[in-house]
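Okay, structure first, notes after.
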2 protein chains.
Amino acid sequence: MIEIGIVEDNVKIRNLIQRYLDMQETMSCKVAVDSVEEMLEHLENNSTPGVLLMDIQLPGMSGIEGIELIKKKYPEIEIIMLTIYHDSHKIFDSLVAGASGYLLKHTSLPEIKESIETLMDGGAPMSPQIARKVIQHFNKPEPQKNPESNLTSREQDIVNGLVDGLSYKLIADRFDISIDTVRAHIRNIYKKLHVNSKAEVIAKSLRGEI
Amino acid sequence: MIEIGIVEDNVKIRNLIQRYLDMQETMSCKVAVDSVEEMLEHLENNSTPGVLLMDIQLPGMSGIEGIELIKKKYPEIEIIMLTIYHDSHKIFDSLVAGASGYLLKHTSLPEIKESIETLMDGGAPMSPQIARKVIQHFNKPEPQKNPESNLTSREQDIVNGLVDGLSYKLIADRFDISIDTVRAHIRNIYKKLHVNSKAEVIAKSLRGEI
DNA sequence: AGACAAATAACATATTCATGTGAAGCCGAA
DNA sequence: TTCGGCTTCACATGAATATGTTATTTGTCT
């Protein structure tokens, strides 16, 4: 028997979902409140449900803030967002905060039930459209690599040494070359990147600008 | 009519999928090869398909390398991975390289067909289990912020100066303090962070470890 | 064969950094 | 009020870095 809690401020929707889930053989849904604050209070004094359905737009604390708080105190609770928002930002924030699934409110009751079963089965319930937005976050981070800054592989080695916090001497040792060679490479790197200090090279590298 | 291409080195599986998809009313699957190299050659001289099903383990170039190459030359082609690998690393690499979906090989033919339809519909086909692994990548990146390293706001100012690539002198100018004060702060920062060079401070800061 | 980029190396010098030591003023906690 | 942490500043010194100049070797492209 899966225990389910609901945080949703629209009473009609809340009651509808609660009644539907509670009548399922394998599910129990006794807790349905309209704010994160109430849910936190409830969790203090009662057994913790396995799954929470949570809205984002709520009176008081937002659902996304709620995820963080609840996950911090009760990491074992799985949270599915159930919301009208389908913008990447909200989706992303929810997942980073710790949500395990993301459904839109037009999801039908049987689909919500299936989603909970998917979740208990180790999956992450979300529509393909949501999934598409999620994976777009993986592709995007490719802003502008300085095309002028084509470092040779040896130069890239040296940069890695700098990023690792090594001195010229240690870089020379690492690659078994003389310290003057390291100097020579670094000179060339500075020219290509238009910088003139270790610090700037490290910063550029860690920002992915090389 | 959706044109579909297949890159898969197992002849049986390849033929099976090709025949099944090609007999669909809305789909056409004329191109089925067993390596990325062959597919690239084919794309040179023919119309580009809308969707590619691609294996990861292939003779010659791997499917993941293939995604990057194909996406670079033909960004409009949508790629669905079809593989036995379900480890986060392969999934992650595929999505970063530009894949739009990720299916495991036990996926049934009708499910593959549905996945292609999902893709054309703007979704990202993947099983809930795969989706779960994808979103886990969002939660994790929060390793360990050194709790011992509570920098004061002034110290954080100095760190920001370093990250911006400034010399002590320029940091002193920025905050209108003497260079010796900058030195003093940096001494304290080094102690708190257990480092002993600008480079390490910048690296830690940009890695989010401060 | 000649041009050219890349990797290697040496020598020199001015600047910047890392670190030691010491100290004054301010402010909040004990 | 005494103590400790934060911010400010000074003087000093050895280590590391930034930059200039020059040169050999190797491999690639034409």
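Values in this document were obtained by computation on a predicted structure and should not be read as measured data. We name chains A, B, ... by the order of the sequence lines, and we start the count at 1 in each one.
Side-chain nitrogen and oxygen atoms of Asn188(A) include none within less than 4.0 Å of the OP1 or OP2 phosphate oxygen of dA6(C). For dC6(D), the OP1/OP2 oxygens have no side-chain nitrogen or oxygen of His185(B) closer than 4.0 Å. Residue Tyr168(A) places at least one side-chain N or O closer than 4.0 Å to OP1 or OP2 of dA18(D). Regarding contacts with the backbone of dT15(C), every side-chain N or O of Ser167(B) stays at 4.0 angstrom or more from both OP1 and OP2. Contact between the side-chain N/O atoms of Thr181(B) and the OP1/OP2 oxygens of dC9(D) is found at a separation under 4.0 Å. Taking side-chain N and O atoms only, Thr152(A) has a distance below 4.0 Å to OP1 or OP2 of dA7(C). Using a 4.0 Å cut-off, no side-chain N or O of Ser197(B) falls inside it from OP1 or OP2 of dA16(D).
Between the CD atom of Glu200(B) and the P atom of dA16(D) there is a distance of 13 Å, rounded to whole Å. Rounded to whole angstrom, the span from the CG atom of Leu170(A) across to the P atom of dA15(D) amounts to 15 Å. Per the geometry, CD1 belonging to Ile179(B) stands 14 Å off C1' belonging to dT19(C), to the nearest Å. The nearest whole Å value for the distance from the NZ atom in Lys191(A) to the C1' atom in dA5(C) is 14 Å. If you measure from atom CZ of Arg183(A) to atom C1' of dA23(D), you get 17 Å, rounded to the nearest angstrom. Computed from coordinates, the Arg154(B) CZ to dC26(C) P distance equals 17 Å when rounded to whole Å. Atoms CD1 (Ile177(B)) and C1' (dC26(C)) sit 16 Å apart, rounded to a whole Å. Whole-Å rounding puts the Ile158(B) CD1 to dC9(D) C1' distance at 13 Å.
Out of dC17(C), dC6(D), dA7(C), the shortest distance to the side chain of Ser153(A) is found at dA7(C). Of the candidates dT8(C), dA18(D), dA18(C), dT8(C) carries the atom nearest the Ala184(A) side chain, counting heavy atoms from C-beta on. The Lys192(A) side chain lies nearest to dA6(C) when the options are dT19(C), dA10(C), dA6(C).
No side-chain donor from either of Ser153(A) and Gln156(A) sits under 3.5 Å from a side-chain acceptor of the other. Between Ser108(B) and Glu111(B), the side chains place a donor N or O and an acceptor N or O closer than 3.5 Å (distance only, hydrogens not considered).
Heavy-atom distances to DNA chain D give each of Arg187(A) and Lys169(A) a nearest nucleotide, and the one nearer the 5′ end belongs to Lys169(A). The 5' end of DNA chain D is approached more closely, in terms of each residue's nearest nucleotide, by Asp180(B) than by the other of Asp180(B) and Tyr190(A).
Side chains of Ser28(B) and Ile4(B) form no contact here, defined as non-hydrogen atoms less than 4.5 Å apart.
The main-chain N or O of Leu166(B) is never found under 3.5 Å from a side-chain atom of Asp164(B) such that the two would form a donor-acceptor pair.
For Pro125(A) against Leu119(A), the heavy-atom pair with the smallest separation is CD-CD1, 3.9 Å.
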